[in-house]
Amino acid sequence: MNRRYLIGVVLAAGTALWFGLGQGSLPEGPGRELVLQKCQTCHELGFVTRERQPRERWDAIITEMQSYGLRLTSEERATILNYLATHFAPGAQAPTPAPQPQANVSGAQVYNNCIGCHQANGSGVPGVFPPLAGHVPSILATRGGREWLIQVMLYGLQGPINVRGSSYNGAMPAYPQLSDAEIAAVLNHISTQWGNGFPSGQGPFTEAEVRAQRGKNLSPQQVLSARQGLGLR
Ligand code: HEC
Ligand code: HEC
C-alpha cells in the first residue's frame, strides 16, 4: 500500500495547486516559456496573471522589474512584452482551467485493503473482525452514522464493541492516506454489497463529505466514544 506522510500529501497538494494556478493560467503562445522561467523567481506568477494592462504599461512594468534585478536580453524582453501585451491586455479573459481528470475510483479495488480482516464476503471473523455484511446499514441508519463511518476510515477505531451479538476488542487501522474519492468509494462499496443498501433517503457518499471530516485529528479511542453516542445496539 502506498503510505505517505500527511505532510507529504499536504505539500504535494499545495504544489499541485500552485502549479495549477500558476502555469495553468498562462495561455499558450510564443513567450510563455520565458515568462515561466523569468517571472516567478521573485514572486508568484499570480502577480503577472491578475494584471490586464496595455502594451505601454507592460513595457513600464518590465522596466521596473529590471530595476529590481530581472536580467533579460533585448530579444527576450521583446518576446515577453509581446506575450504579455497579447494575452494580458485590458479585457482579456482568464484562460479556462485545464479540465481535471474525472475521479474514477473503484470501491471494490479499495476494498482489497480490507479483505484480510473483514473478508471478501464482508462476514468478518466472529470475535476478531466485525462483519460489514448485514451491519453497515444499521450504522448508516443512526443519527450521525454517515459521518462516523468516515471518521472510522480516517482515524481508526479501538476498544470494546458489540456487533450482532458478538463482542470485539481489536483495532481498526486508520486510512488517512486514501484520497477523499477513495474513501467515498470504499464506503459506497460496503454500503451496497452483500445485500447491504442505503437507508431510504440516503445517497452515495461524496468526496465533499469525506473532506469535511479531515483535519479533526481524532484518536481511535475518541472514535470509539463517538460510536457509543450513535446508540447502536
Ligand atoms: C528580480 C526580482 C523580480 C523578477 C525577476 C520579476 N519581478 Fe515582478 N516584482 C518584483 C518586485 C520586488 C515587485 C514589487 C512587489 C510589491 O510591490 O510588493 C514586483 C511586482 C510585480 C507586479 C505588480 C505590479 C507592480 O508594478 O508592482 C507585476 C505585474 C510584476 N511584478 C510583473 C513581473 C513580470 C511580468 C516579470 C517577468 C518579466 C517579473 N515581474 C519578474 C520583482 C521581480
Ligand atoms: C487489520 C484488520 C483490519 C483491516 C485491514 C480493516 N479493518 Fe475495519 N475493523 C477492524 C477491527 C478489529 C474493527 C473493530 C475495532 C474494535 O474492536 O474497536 C473494525 C471496524 C470496522 C468498522 C466499524 C464497525 C463497527 O460496528 O464499529 C468499519 C465500518 C470497518 N472496520 C470498515 C473497514 C474498511 C472499509 C476497511 C478497509 C478500508 C477496513 N475496515 C480494514 C479490523 C480491520
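Indexing begins at 1, ligand by ligand and atom by atom, following the structure's order. Because the structure is predicted, anything quoted here is derived from the model rather than measured. Residue numbers start at 1 and run along the sequence shown.
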Q. Going by distance only, is there an N or O of K38 that falls short of 3.5 Å from an N or O of ligand 1?
A. no
Q. Looking at ligand 2, does L178 have a heavy atom less than 4.0 Å from it?
A. no
Q. Counting only protein N/O/S, how many atoms fall short of 2.8 Å from atom 8 (Fe) of ligand 2?
A. 2
Q: Please determine if Y175 has a nitrogen or oxygen closer than 3.5 Å to a nitrogen or oxygen of ligand 2.
A: no
Q. What protein heavy atom is closest to atom 35 (C) of ligand 2, reported as residue, atom name and distance in Å?
A. M153 CE, 3.4 Å
Q. Does any N, O or S atom in C39 come within less than 2.8 Å of atom 8 (Fe) of ligand 1?
A. no
Q) Does H189 have a heavy atom less than 4.0 Å from any atom of ligand 2? A) no
Q) Just distances here: any N/O of H135 and N/O of ligand 2 closer than 3.5 Å? A) yes
Q: Would you check if atom 8 (Fe) of ligand 1 lies under 2.8 Å from any N, O or S atom of M65?
A: yes
Q) Which residue and non-hydrogen atom of the protein lie closest to atom 27 (O) of ligand 1, and at what distance in Å? A) E64 OE2, 3.6 Å
Q: Quick one: look at L224 and ligand 2, take heavy-atom pairs under 4.0 Å, and tell me if it's side chain, backbone, both or neither.
A: neither
**Q.** Heavy atom of V48, distance to ligand 1 below 4.0 Å
**A.** yes
Q) Taking distance alone, with no angle check, do V110 and ligand 2 share an N/O pair under 3.5 Å? A) no
Q) Can you find a non-hydrogen atom of L34 under 4.0 Å from ligand 1? A) no
Q) So, is H43 polar-close to ligand 1, with some N/O to N/O distance under 3.5 Å? A) yes
Q. Does V128 approach ligand 2 within less than 4.0 angstrom via side chain, backbone, both or neither, non-hydrogen atoms only?
A. backbone
**Q.** Heavy-atom nearest neighbour of atom 18 (O) of ligand 2 within options G107, S167, G159, A171
**A.** G159
